[in-house]
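Here is the naming used below: chain letters follow the sequence lines, and residue numbers restart at 1 for every chain.
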Protein chains: 2
Amino acid sequence: MNIGEAAAESGVSAKMIRHYEAIGLIRPADRGESRYRHFGAPDVHVLRFIKRARTLGFSIKDIGSLLGLWQGHRPSAEVKRLALAHIASLDAKIAEMRGMRDALGQLARDCHGDERPECPILEDLAGPRFDN
Amino acid sequence: MNIGEAAAESGVSAKMIRHYEAIGLIRPADRGESRYRHFGAPDVHVLRFIKRARTLGFSIKDIGSLLGLWQGHRPSAEVKRLALAHIASLDAKIAEMRGMRDALGQLARDCHGDERPECPILEDLAGPRFDN
DNA sequence: GATGGTGCTTCCCATGGTGGGAAGGTCAAG
DNA sequence: CTTGACCTTCCCACCATGGGAAGCACCATC
């Protein structure tokens, strides 16, 4: 199977497959007669694993660890630790974004949204008025 | 006021001030006798505006628009439009991350987290088992 | 006035994950 | 054998930010 088909099968773009190989996340693919990469079912399985992990927001670095655990001695404690750490960072980012959203929602709610220049959003951004 | 003091006053790093100047977000600062940039209170005010807008998650591009509206004819409708669009993208990202978090939370909850290799998290990542 | 330390200048590089595109080689079907 | 689809490598871009090097400016202290 060539890279295009492996990409279609796994949902990982050919571009990304090459990238993952270049950074050492996956083993360098075998090359057939020519210089074309050659993929088998296990390779596609690995790519699907990566794809799913990316969908769950894991970093490439974490995915490297998860792949090692998956294919190695797999103590689930370690997997769980990675997952919980990732959940914590997701929670932190969600909280941060929700803070932004709520603040901005409040300001937008108070904004007329017409042709007048008065605008609570701009006033907030401009900070405390020194000039009156 | 030199760049270091402007940075301290505004909360924007000197590095970022130079960057904002380079990409045209702010006007090139006046240079004093030597080649040092020279900042006044209005410049710091603009930097604070940018800082606050970044804190609310606006992109540099959006901030450029907001700065123009702030210092121009300021129809609040336009400001509100930008804000609502940004809120929508925040909501989308929050929903996406919450999806990740919930899926992962579920998996982690079912994971023993001990020395055994059985792990719902790895099983999810590995996808449907073809081999049994 | 020399000296030293701090702060400024520009320039290049890195991050993370992904895509775009050019220039050239390869394969299979007609 | 030609054509078109696919592969190869290599460089560049995004977005926002930080690190660091080499060199110049400034100020205080001796």
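Between B:Arg18 and D:dG18 there is no side-chain polar atom (N or O) within less than 4.0 angstrom of OP1 or OP2.
Taking every side-chain heavy atom of A:Arg37 into account, D:dT8 is the closest of C:dT9, D:dT8, D:dC7.
By the 4.0 Å N-to-carboxylate-O rule, A:Glu78 lies close enough to A:Arg81 to be salt-bridged with it.
Residues A:Val79 and A:Ile87 are members of one and the same hydrophobic cluster, defined by side-chain heavy-atom contacts under 4.5 angstrom among Ile, Leu, Val, Met, Phe, Trp and Tyr. When hydrophobic clusters are built by joining Ile, Leu, Val, Met, Phe, Trp and Tyr residues whose side-chain heavy atoms come closer than 4.5 Å, directly or via intermediates, A:Met97 is not grouped with B:Leu84.
A 4.5 Å side-chain heavy-atom check between A:Phe39 and A:Asn2 finds every atom pair outside the cut-off. Between A:Ile63 and B:Leu125, every side-chain heavy-atom pair lies at or beyond the 4.5 Å cut-off. Side-chain contact between A:Arg52 and B:Asp124 is present, with at least one heavy-atom pair separated by less than 4.5 Å.
Here D:dC26 presents its P atom at 15 Å from CD1 of B:Ile3, a figure rounded to the nearest Å. In this structure, A:Arg31 places its CZ atom 4 Å from P of D:dT9, rounding to the nearest Å. In this structure, the CD atom of A:Glu21 is 15 Å from the C1' atom of D:dC10, given to the nearest Å. The CG atom of B:Asn2 sits 7 Å away from the P atom of C:dT9 (whole-angstrom rounding). Between the CD1 atom of A:Ile63 and the P atom of C:dG16 there is a distance of 13 Å, rounded to whole Å.
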Checklist outcome for this item: A correct 5'-to-3' footprint of nucleotides 25-30 of chain C, with B, S and - meaning base, sugar-phosphate only and no protein heavy atom under 4.0 Å, is BBS---
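Scanning atom types as modelled, no donor and acceptor separated by under 3.5 angstrom connect the side chain of A:Lys15 and the base of C:dG17.
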So which protein N/O to nucleotides 12-16 of chain D N/O distances come out below 3.5 Å?
residue: D:dA16; atom: OP1; partner: B:Ile60; partner atom: N; Å: 2.8
residue: D:dA16; atom: O3'; partner: B:Arg54; partner atom: NH2; Å: 3.0

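The 12-atom threshold is exceeded at CG of B:Asp91, counting heavy atoms of other residues, nucleotides or ligands nearer than 6.0 Å. More than 12 heavy-atom neighbours from other residues, nucleotides or ligands sit within 6.0 angstrom of CD on A:Glu118. No more than 12 heavy-atom neighbours from other residues, nucleotides or ligands sit within 6.0 angstrom of CZ on B:Arg27.
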